Every structure is written in C-alpha cells, then in structure tokens.
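I have placed the structure first, in the form of structure tokens, so that the comments after it can refer back to it.
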Amino acid sequence: MKVLVAIKRVIDYNVKIRVKSDGSGVETQNVKFSMNPFDEIAVEEAVRLKEAGKAAEVVVVSVGPAACSETLRTALAMGADRGVLVQSDDEVQPLAVAKVLKALAAKEAPGLIILGKQAIDDDSNQTGQMLAALLGQPQGTFASKLEIGADAVTVTREVDGGLETVSLKLPAVVTTDLRLNEPRYASLPNIMKAKKKPIDTVSPADLGVDVSPRLVTLKVEEPPKRSAGIKVADVAALVDKLKNEAKVI
Ligand code: AMP
C-alpha cells in the first residue's frame, strides 16, 4: 500500500507573529519556516507503517512556493521515499489544496492519505475533511491511534470528553492529532541520504486544478494588548477588588 502525506510549510511555532502594518496579513520576511507540527506527526506515522511492513512507499506532497522543497527534504530525511512539490507562488486555500490532493490521488492511487488535523498558520481544519468528501472516501479525523487491517484502518479519535474508535474501509483519509506519536528527529546520515531522494515539481495547472482563492482576507489584527497588573496588600484587598472593581464574585 502506498501512503500519501500532505505537509505544509508554515511559520515556525516558536516565532512571535507580527501583523503587517496595513493589516493585510502577517510578516513573512526574515521569519523561520518549518513543517506544520501536525504534519510531522503524519510523516512519522507513515514512516512507522513502512517500517512495520504495512506500507510499501511513502510519498510526501507540499503545495506552495519553491521553498516548500526544503520542507519536503525534511520529510524525506525522516524516512519518506519521494516528494511532490505542487508549486504555486499565490496563496493556495484549503479547498484548492484538497482539489490538488484529489488530482494527485487519482495519479498515485494511495491506499491511505494522512494529513495534519490543522495548519497552525490558518487554523482552518478543513483540508482533510474536504479531500475525503471530494474523493468520496471515509475519513478518520483527529486520530490518536491508527491500526491497519487487511482492507480497513481502525482509527481512535479524540472527541470531547473521551475517545471514539471507528473502522474505515480503505482507501481512506486520516488527519492526525497531537497524541498519535512523537515525531523523530532526522539523523545526519538520513539528512545526507535525503538529498538523493527524488522530488517532482508540477504546477496546479499540470494537475488540471484551478487554485484561485474563494475567500478574501479583509483584515488581520493583533490580539488586544493586556493592561499591566497590580499588586494587592492582602487577601482582603484582593477579594474587595474582585467584588467591587472586576465584579466577578
Ligand atoms: P488546514 O485545513 O489548512 O488547517 O490544513 C490541514 C492539513 O492539510 C495540514 O495539516 C496539511 O496536512 C494539509 N495542508 C494544508 N495546506 C497544505 C499545503 N499548502 N500543502 C500541503 N498540505 C497542506
């Protein structure tokens, strides 16, 4: 079985995000980018399936500018076999990414497609669900455990207040939650080996997909600044302030 994994290049989670002065978006110049953390978990799971003999090949795909090939190399160094860069310098929104992945799935015929549950830059949590709908395949979202059977995959899902276990007939789409696994760090020898692994570059047009945006961002704002705190002399003063000023008790 072939496993296709979608990985997005996002601003690194450690970076303090700065909003552009005209409110049109966030600053991306001179900012560190890395693989979306949920997608690292997706790559790790696919590589573990390969190591367990349950997957024959792991193909990673990223949609975005040429720099996404660095993110693909990271996934190759973690153990994926080959990469596909669907190059676009324009913004590609979740519906368009889902259409691109659908077109690639038609070419590659993967038994399983793994995505992150959400990209930490747009927090959309849409691509996996839309892809499953476009493909007419079952979906197991927010997976915290995954077991491959002969013609089905059992997915344990994190839901409010507990876990739900579902069985999906393959081929299927799975999105990863935080507790599915702990992604490995690529070793130096594997980073070197990854340089020789193939990455194909195609355009959305090559795949017959129109990626023009369906949404227009009207405004991006910083969260309101927190005002400075104060020190109170004792518990009585604290209770008084909570009661009479904040009016929360
Ligand atoms: P989102 O729906 O934007 O929150 O993204 C959910 C998941 O879809 C991500 O964790 C990725 O696995 C995948 N994805 C979204 N955008 C891209 C992209 N540009 N390239 C590759 N995968 C993507």
Side-chain angles (χ1 to χ4, degrees), residues 1-10 28 33-36 38-40 42-43 45-47 49-50 55-76 78-119 121-122 124-141 168 170-176 194 196-217:
M1 179 178 74
K2 190 188 284 187
V3 181
L4 187 69
V5 184
I7 58 177
K8 187 174 188 186
R9 177 177 179 264
V10 296
T28 53
F33 279 80
S34 48
M35 193 188 309
N36 182 44
F38 292 106
D39 305 352
E40 287 183 349
V43 173
E45 197 64 20
V47 171
L49 288 176
K50 189 172 171 201
E57 189 184 24
V58 176
V59 182
V60 284
V61 51
S62 193
V63 187
C68 292
S69 58
E70 289 162 24
T71 319
L72 289 168
R73 285 279 167 225
T74 306
L76 296 176
M78 286 172 72
D81 297 294
R82 65 186 167 87
V84 180
L85 167 64
V86 183
Q87 196 171 337
S88 169
D89 290 325
D90 303 321
E91 182 199 0
V92 186
Q93 294 177 347
L95 177 60
V97 175
K99 289 180 183 170
V100 163
L101 295 175
K102 181 192 176 199
L104 274 177
K107 267 177 82 173
E108 302 275 352
L112 186 66
I113 307 180
I114 314 182
L115 304 90
K117 76 166 178 182
Q118 80 193 56
D121 54 358
D122 60 22
S124 294
N125 179 2
Q126 295 175 352
T127 311
Q129 293 88 330
M130 292 199 290
L131 173 63
L134 291 173
L135 287 169
Q137 289 182 6
Q139 57 180 290
T141 50
L168 319 174
L170 295 171
V173 176
V174 166
T175 72
T176 61
K196 296 208 181 100
K197 292 186 181 177
I199 296 181
D200 274 351
T201 302
V202 294
S203 71
D206 294 337
L207 297 168
V209 179
D210 168 17
V211 291
S212 45
R214 298 288 198 273
L215 303 176
V216 179
T217 301

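Please read all numbers here as calculations on a predicted model, not as lab measurements. Below, all heavy atoms of this structure are taken into account, side chains as well, without hydrogens, waters or symmetry copies.
Legend: residues meeting side chain to side chain contact (heavy atoms under 4.5 Å, CB included) with Ala46, ordered by chain and number and at least two apart, are Val3, Val5, Val58, Ile114. Residues passing the salt bridge (charged side-chain N to carboxylate O under 4.0 Å, His left out) test with Lys50 are Asp81, sequence neighbours excluded. Under the side chain to side chain contact (heavy atoms under 4.5 Å, CB included) criterion, Thr127 pairs with Pro94, Val97, Ala98, Leu101, Leu115, sequence neighbours left out.
Closest approach of Arg9 to Ser62, counting heavy atoms only: N-OG, 4.3 Å. In this structure, Ala80 and Val47 approach most closely via the heavy-atom pair N-CG2, 3.9 Å. Nearest heavy-atom pair, Leu135 versus Val173, reported as atom, atom and distance to 0.1 Å: CD1-CG2, 4.3 Å.
Rounded to the nearest 0.5 Å, atoms CD (Glu70) and CD1 (Ile199) are 10.0 Å apart. The line from CG of Asp121 to NZ of Lys8 is 3.5 Å long, rounded to the nearest 0.5 Å.
At a threshold of 4.5 Å between non-hydrogen side-chain atoms, the residues Val209 and Val86 do not count as touching. Counting only heavy atoms from C-beta outward, the side chains of Asp90 and Val211 never approach each other to under 4.5 Å. Contact of the Phe33 side chain with the Thr28 side chain is registered, since non-hydrogen atoms from C-beta on lie closer than 4.5 Å. Within the 4.5 Å cutoff, side-chain heavy atoms of Met35 are placed close to those of Val43.
A salt bridge does not link Asp200 with Lys107: every distance from a Lys NZ or Arg NE/NH1/NH2 to an Asp or Glu carboxylate oxygen is 4.0 Å or more.
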Practice problem: In sequence, state the C-alpha distance, the side-chain angles, and the governing distance for Glu91 and Gln93, and then conclude on side-chain contact (heavy atoms from CB on, under 4.5 Å). | Solution: CA-CA 6 Å; Glu91 182 199 0; Gln93 294 177 347; 3.4 Å; yes
